[in-house]
Asks: 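This is the structure I have questions about; it appears just below.
Numbers here simply count residues along the sequence, with the first being 1. Quick caveat, the model's predicted, so the values are computed rather than measured.
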Amino acid sequence: MIIIIDVADNDHSKEYEIKFLNETHLDSILRLQDTVLRSLLDSAIYYGEPIDFFRKQLMIKDGSMGIFQKEQVVGFHMASFPSLHEAQLGVDIGLNQEELSNFVQLGPVVIHPDHRKKGLLTKVANMHLKVLEEMGYRHICLTISPNNYPTIRTTLAQGFVIKQLKKKFNNLLRYIFHLDFKNRFKQPKYSVRIPNTDIESQKFIFSLGFYGYSVLKNDNGFDIVFGHDEIKA
């Protein structure tokens, strides 16, 4: 599968290709990851994966989609299909054994600094999610740093909700997002806003069964909007 897209760039457009990646793209992926890591102002936003992870990942059929510009990899969107004992994110949000058998874990997701703010990751993510749904999977999870406002905003806009806040990947704090293809997000009856920096209040609200479904800017940064459909006295 190869999809050609044109993206507006100032007074002209750039042509990009989106297609599945394989083992021949390993070196390009590693170079891109290194470029992204060096560009970060906050190193905790992205966890750099080792070469063995990518070797294994690229062997998975339909597991990795790449964004190409002039035959160079400028972005990628990866999905893995862990066995029941490997599905840590699914376990973290309380999926049962049957649900874990229909579970996909997304990440890492990367875009070159020179190609950001063009909607490319949203496009490739939507394409990959459609492929995963057509393959018969139901539950999708991924993690995002609580400080990564742009990615939180775009991921919530795709229909994901935030189900947990935990330390993952070498003790890095992460929101755990969840998308259920058969039970899409609906506007909740009750909601509350909490600053993204107030970690303890968020952990408490998660313990009450709330989920994050929106993000709003404030004077000091941004709030996560949490929802619930039933409040018990």
Asks: Could you grab the distance from atom CG of Leu165 to atom CG of Leu173, nearest 0.5 Å is fine?
Replies: 4.5 Å
Asks: If Ile, Leu, Val, Met, Phe, Trp and Tyr residues are connected whenever their side-chain heavy atoms lie under 4.5 Å apart, and connections chain through other members, are Val36 and Tyr149 in the same group?
Replies: no
Asks: Side chain to side chain donor-acceptor pair (under 3.5 Å) with Tyr175: which of Gln202, Gln164, Lys163?
Replies: Gln202
Asks: Does Gln97 CD have over 12 foreign heavy atoms under 6.0 Å away?
Replies: no
Asks: Let me confirm one number: the NE2-CZ distance from His178 to Phe103, rounded to the nearest 0.5 Å.
Replies: 8.0 Å
Asks: Can you tell me how far apart NZ (Lys118) and OG (Ser13) are? Round to the nearest 0.5 Å.
Replies: 10.5 Å
Asks: Kindly state whether the ring of Phe210 and the ring of His228 have centres lying under 6.0 angstrom apart.
Replies: yes
Asks: Could you check, using the six-membered ring where one of them is a Trp, whether Phe206 and Tyr211 have ring centers closer than 6.0 angstrom?
Replies: no
Asks: Taking atom CZ of Phe53 as the centre, does the number of heavy atoms from other residues, nucleotides or ligands within less than 6.0 Å exceed 12?
Replies: yes
Asks: Counting only N and O atoms by type, is there a donor-acceptor contact under 3.5 Å from the side chain of Thr151 to the main-chain atoms of Asn148?
Replies: no
Asks: Could you give the distance from CD1 (Ile29) to CG (Leu21), rounded to the nearest 0.5 Å?
Replies: 4.5 Å
Asks: Is the backbone of Pro146 close enough, under 3.5 Å, to the side chain of Asn196 for a donor and an acceptor to pair up by distance?
Replies: yes
Asks: Any carboxylate oxygen within less than 4.0 angstrom of a Lys/Arg side-chain nitrogen, looking at Arg38 and Asp34?
Replies: yes
Asks: Could you list the residues that satisfy salt bridge (Lys or Arg N to Asp or Glu O under 4.0 Å) with Asp27, not counting sequence neighbours?
Replies: none
Asks: In terms of ring plane angle, is the pair Tyr47 and Phe169 parallel, tilted or perpendicular, where the classes change at 30° and 60°?
Replies: parallel
Asks: If the test is side-chain contact (heavy atoms from CB on, under 4.5 Å), which one of Val91, Leu95, Leu89 qualifies with Ile93?
Replies: Leu95
Asks: Is there side-chain contact between Leu37 and Gln33, with heavy atoms separated by less than 4.5 Å?
Replies: yes
Asks: Do Leu26 and Arg55 come within less than 4.5 Å of each other through their side chains, counting heavy atoms only?
Replies: yes
Asks: Supply the atom-to-atom distance Leu100 CG to Arg138 CZ, rounded to the nearest 0.5 angstrom.
Replies: 12.5 Å
Asks: Quick one: pull up CG in Leu120 and NZ in Lys14 and give me the separation to the nearest 0.5 Å.
Replies: 9.5 Å
Asks: Check whether any side-chain heavy atom of Leu132 lies under 4.5 Å from a side-chain heavy atom of Phe81, and answer yes or no.
Replies: yes
Asks: How about Phe160 and Ile140: do any of their side-chain heavy atoms sit closer than 4.5 Å?
Replies: yes
Asks: Between Glu17 and Lys123, is there a salt bridge with N-O shorter than 4.0 Å?
Replies: no
Asks: Count the heavy atoms of every other residue, nucleotide or ligand shown that sit under 6.0 Å from CD of Glu134, and state whether that count exceeds 12.
Replies: yes
Asks: Is the Tyr213-Phe185 ring centre distance short of 6.0 angstrom?
Replies: yes
Asks: Hey, quick one: are Phe54 and Leu106 part of the same hydrophobic cluster, counting side-chain heavy atoms closer than 4.5 Å, chains of contacts allowed?
Replies: no
Asks: Go through the structure and list residues passing salt bridge (Lys or Arg N to Asp or Glu O under 4.0 Å) with Lys166, not counting sequence neighbours.
Replies: Asp92
Asks: Would you kindly say whether His115 and Tyr16 are connected by a side-chain donor-acceptor distance under 3.5 Å?
Replies: yes
Asks: Within the structure provided, determine whether Leu121 and Val109 are in side-chain contact (heavy-atom separation under 4.5 Å).
Replies: yes
Asks: Under the criterion salt bridge (charged side-chain N to carboxylate O under 4.0 Å, His left out), which of Lys217, Arg193, Arg153 is the partner of Asp223?
Replies: Arg193
Asks: Does Asn126 use its side chain to pair, donor to acceptor, with the backbone of Thr122 at less than 3.5 Å?
Replies: yes
Asks: Kindly list each side-chain donor-acceptor pair under 3.5 angstrom involving residues 59-80, sequence neighbours excluded, with atom names and distances?
Replies:
residue: His77; atom: ND1; partner: His128; partner atom: ND1; Å: 3.0
residue: Ser80; atom: OG; partner: Gln105; partner atom: O; Å: 3.3

Asks: Would you say Leu30 ends up clustered with Leu40 if hydrophobic residues are merged whenever their side chains have heavy atoms under 4.5 Å apart, either directly or through other cluster members?
Replies: yes
Asks: Look at the side-chain heavy atoms of Ile, Leu, Val, Met, Phe, Trp and Tyr, link any pair under 4.5 Å apart, and say whether Val225 and Ile199 land in one connected group.
Replies: no
Asks: Kindly determine whether Tyr190 and Phe226 satisfy ring pair (Phe, Tyr, Trp, His ring centres under 6.0 Å), including the steps that lead there.
Replies: CA-CA 8 Å; Tyr190 308 97; Phe226 293 87; over 10 Å; no
Asks: If we ignore hydrogens and angles and just use 3.5 Å, is the side chain of Thr155 paired with the main-chain N or O of Ile152 as donor and acceptor?
Replies: no
